[in-house]
Amino acid sequence: MSTPVRTRFAPSPTGLLHVGGVRTALFAWLLARQNKGAFILRLEDTDQKREVSGADQHIMDCLHALGLEYDEGPDNGGAFGPYRQHERLAIYQKWAKQLVEAGRAYADPYSPAEVQSFREAAQTAHKPFLYREHRPEQPPVWDGTQPLRFKSDPKPYKWHDAVMGDLSTSPEVIDDFVLLKSDGYPTYNFAHVVDDAEMQVSHVIRGQEFLASQPNYLNLYEALGLTPPVLATMPHILGPDGQRKLSKRDGAKDVLDYIRQGYLPEALLNFIASLGWNDGTEQELFNAQQLIEKFSLERVQRSGARFDERRLQWMNGAHLREQICMTTEEQLAYSLGDNFVQKNFWPSEATADPAALLPIFKLVQERLKYFDELPELTRFFFADLPVDPTLITEHKQLKKLSKGDLKTMLEQAQATLQASDFTNADLTDRLNKLLEETGQKPAVLFSLIRIATTQAPASPGLAETLTVLGKEVSLRRLQQQL
RNA sequence: GGCCCCUUCGUCUAGCGGUUUAGGAUAUCUGGUUCUCAUCCAGAAGAUCGCGGGUUCGAAUCCCGCAGGGGUCACCA
């Protein structure tokens, strides 16, 4: 029997969660779910200076909003807690002492300024900075006030990365990095190794910014007598220019913004997964369950991918349409009102009655890319919009007709609709007859009626729209147009 | 500067030595779907597979150089 799969997402609460972070979380989650393992959220809050208040809650909100539920975490606990690193200081101390006793860690006797001057000297000489070249012969006894450094054992490494493949480095990349800072907090480099071991994490999935320090971690694992977990390095998600990591400056929103705009969580997951992963077939659309079944680290791309919001829009629209047959009143309430941001996407004029909203939603569903577009697409169903003459004067067919002709046509339409029971079938029937009677093309007659009854530049099909609007409203608007 | 990673249509990608005149999706454009917008359908255009050498009967696919991009060299993660 193989060891259980336990994956973790370990962000530091220093700001908003962006798509790159979410992808790391998503892949870890997929792996855990696929193998009936556990997905863990661990907050790496060991840098008090950079911590942003509320960022921890934001991260948890994002994961909940996307449906990336974690089995163990700061707010729901678990057998390996606590799950905030600042609550685990005693654990790091214990492991640190073990290294000190084994002669694999020592107190750093230099002042920050001295270390800085070593660094600058290395830079001037165009050489990489290696602290161990200044490793003290007789380090002082560690009393907890000096930084504690790892006494590294430089050697070449070859290892396998589940995404990047076989990797190797020579000894010169390995250095005496800091394990514990002078404030008693561990560095990421130390804390994550300890925690992954303590929490029995089987797979470490993280961004490529950590690739360069991987040999140092391997050296530390050895010193601690630990077997490293499966390592998987994700390429970066790039901004639209394809040059640098996606950042705020590229207009990158945090993930919650997409939820607030009315993107479906599942579409977001599909899109983020497709940035660097595919199943080898030509399938583009996956629901969460399919992602869980088909995901594999081996098929993750090694190169970075650009974030293209237009593709996300298409994908979200596709997911929206996919759900057309399963849209029920309950589902509608869920996707439009009761999601965790509690945002109601309908226009302010809209009724709150789901039974009345459902037929309207079904009409606009296929022209929706995300829910924030709902107001402009549906407002005319709820409110009489002011008559906009330019809709006719700038219409390529209608602008050629005289006011008298238009008036006659509207009156004919009025008479026809007056006689209808406003079922879709009856309306379609009568409108077709009117087409024959007037001898007009649909491009003229239907456009006119559509404009008169909606005052909107775009709307669903005429008969469907009139059916939902109802007799009274439709006739009133025709009268207004006249 | 050292070390490491990456490089196929604008974008996301398929491709793991011959079935490839490099496939799909998206974006763009055109036509059709009784009206608009969208959907859907059909079609067009779009990649000398970063460049240069090799290996081979044959290379986007293997090897070696080079270039470009990115990462890293913190008491940040």
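Numbered from 1 within each chain, the chains take letters A, B, ... in sequence-line order. None of the values given here were measured: they were computed from a predicted structure.
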Using the [atom1] atom as the point on both nucleotides, what is the distance between [M] and [N], in whole Å?
N: rC9(B); M: rU28(B); atom1: C1'; value: 13 Å
N: rC51(B); M: rU7(B); atom1: P; value: 14 Å
N: rA27(B); M: rC63(B); atom1: C1'; value: 38 Å
N: rC73(B); M: rU26(B); atom1: C1'; value: 39 Å
N: rG68(B); M: rU33(B); atom1: C1'; value: 48 Å
N: rG53(B); M: rU13(B); atom1: P; value: 30 Å
N: rA47(B); M: rC6(B); atom1: P; value: 26 Å
N: rG50(B); M: rG69(B); atom1: C1'; value: 10 Å

Base, sugar-phosphate or nothing for [X]? Non-hydrogen atoms, less than 4.0 Å.
X: Gln301(A); result: sugar-phosphate
X: Gly461(A); result: base
X: His192(A); result: nothing
X: Thr46(A); result: sugar-phosphate
X: Ser168(A); result: sugar-phosphate
X: Tyr185(A); result: nothing
X: Pro215(A); result: nothing
X: Ser459(A); result: base
X: Arg206(A); result: nothing

Over 60° means perpendicular and under 30° means parallel, so tell me whether [X] and [Y] are parallel, tilted or perpendicular.
X: Phe129(A); Y: Tyr131(A); result: perpendicular
X: Tyr370(A); Y: Tyr263(A); result: parallel
X: Phe177(A); Y: Phe150(A); result: tilted

Look at the side chain of [X] and the base of [N], then say whether one donor and one acceptor between them are separated by less than 3.5 Å.
X: Ser182(A); N: rC75(B); result: yes
X: Arg306(A); N: rU11(B); result: no
X: Arg302(A); N: rC5(B); result: no

Between [options], which one does the side chain of [X] approach most closely?
X: Ser213(A); options: rG71(B), rU7(B), rA77(B); value: rA77(B)
X: Thr187(A); options: rG71(B), rC12(B), rC76(B); value: rC76(B)
X: Glu172(A); options: rG70(B), rC12(B), rC3(B); value: rC3(B)
X: Lys181(A); options: rU36(B), rC12(B), rC76(B); value: rC76(B)
X: Pro128(A); options: rC5(B), rG1(B), rC76(B); value: rG1(B)
X: Pro147(A); options: rC5(B), rC3(B), rC75(B); value: rC75(B)

Calculate the interatomic distance between [X] atom [atom1] and [N] atom [atom2]; express it in whole Å.
X: Asp161(A); N: rC5(B); atom1: CG; atom2: C1'; result: 10 Å
X: Asn216(A); N: rG71(B); atom1: CG; atom2: P; result: 19 Å
X: Leu285(A); N: rU39(B); atom1: CG; atom2: P; result: 14 Å
X: Asp195(A); N: rA77(B); atom1: CG; atom2: C1'; result: 13 Å
X: Asn316(A); N: rU26(B); atom1: CG; atom2: P; result: 15 Å
X: Glu282(A); N: rG15(B); atom1: CD; atom2: C1'; result: 11 Å
X: Leu462(A); N: rC37(B); atom1: CG; atom2: C1'; result: 14 Å
X: Glu209(A); N: rG70(B); atom1: CD; atom2: P; result: 15 Å

Closer to the 5' end of RNA chain B via nearest nucleotide, is it Glu284(A) or His395(A)?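 Whichever sits nearer the 5' end wins; that is Glu284(A).
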
Upstream residue (5' side of RNA chain B) when Tyr217(A) and Ser274(A) are each assigned their closest nucleotide: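 Its nucleotide being nearer the 5' end, the pick is Ser274(A).
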
Write down the partner of [N] under the Watson-Crick or G-U wobble criteria, each distance required to be under 3.5 Å.
N: rC62(B); answer: rG54(B)
N: rG43(B); answer: rC29(B)
N: rA14(B); answer: none

Answer yes or no: is there an ion pair linking [X] with [Y], defined by an N-O contact shorter than 4.0 Å?
X: Asp47(A); Y: Arg50(A); value: yes
X: Asp195(A); Y: Arg8(A); value: no
X: Arg104(A); Y: Asp153(A); value: no

With sequence neighbours left out, what residues match Lys127(A) under side-chain contact (heavy atoms from CB on, under 4.5 Å)?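 Expected list: Ala125(A).
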
Heavy-atom side-chain contact between Leu99(A) and Phe190(A) under 4.5 Å: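 Heavy-atom side-chain distance check passes, below 4.5 Å.
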
Let me have a per-nucleotide readout for nucleotides 27-34 of chain B, 5' to 3', with B, S or -, counting only protein heavy atoms under 4.0 Å. S------B

Does a nitrogen or oxygen in the side chain of [X] sit under 4.0 Å from OP1 or OP2 of [N]?
X: Gln48(A); N: rC76(B); result: no
X: Arg119(A); N: rA74(B); result: yes
X: Asn278(A); N: rU13(B); result: no

Ring center gap for Phe118(A) and Tyr110(A) short of 6.0 angstrom: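 Yes: the rings meet the under 6.0 Å criterion.
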
Trp159(A)-Tyr221(A) aromatic ring centre distance below 6.0 Å: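 No: the rings miss the under 6.0 Å criterion.
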
If the test is side chain to side chain donor-acceptor pair (under 3.5 Å), which one of Arg135(A), Arg149(A), Lys151(A), His134(A) qualifies with Asp176(A)?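 Considering Arg135(A), Arg149(A), Lys151(A), His134(A), a side chain to side chain donor-acceptor pair (under 3.5 Å) with Asp176(A) is found only for Arg135(A).
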
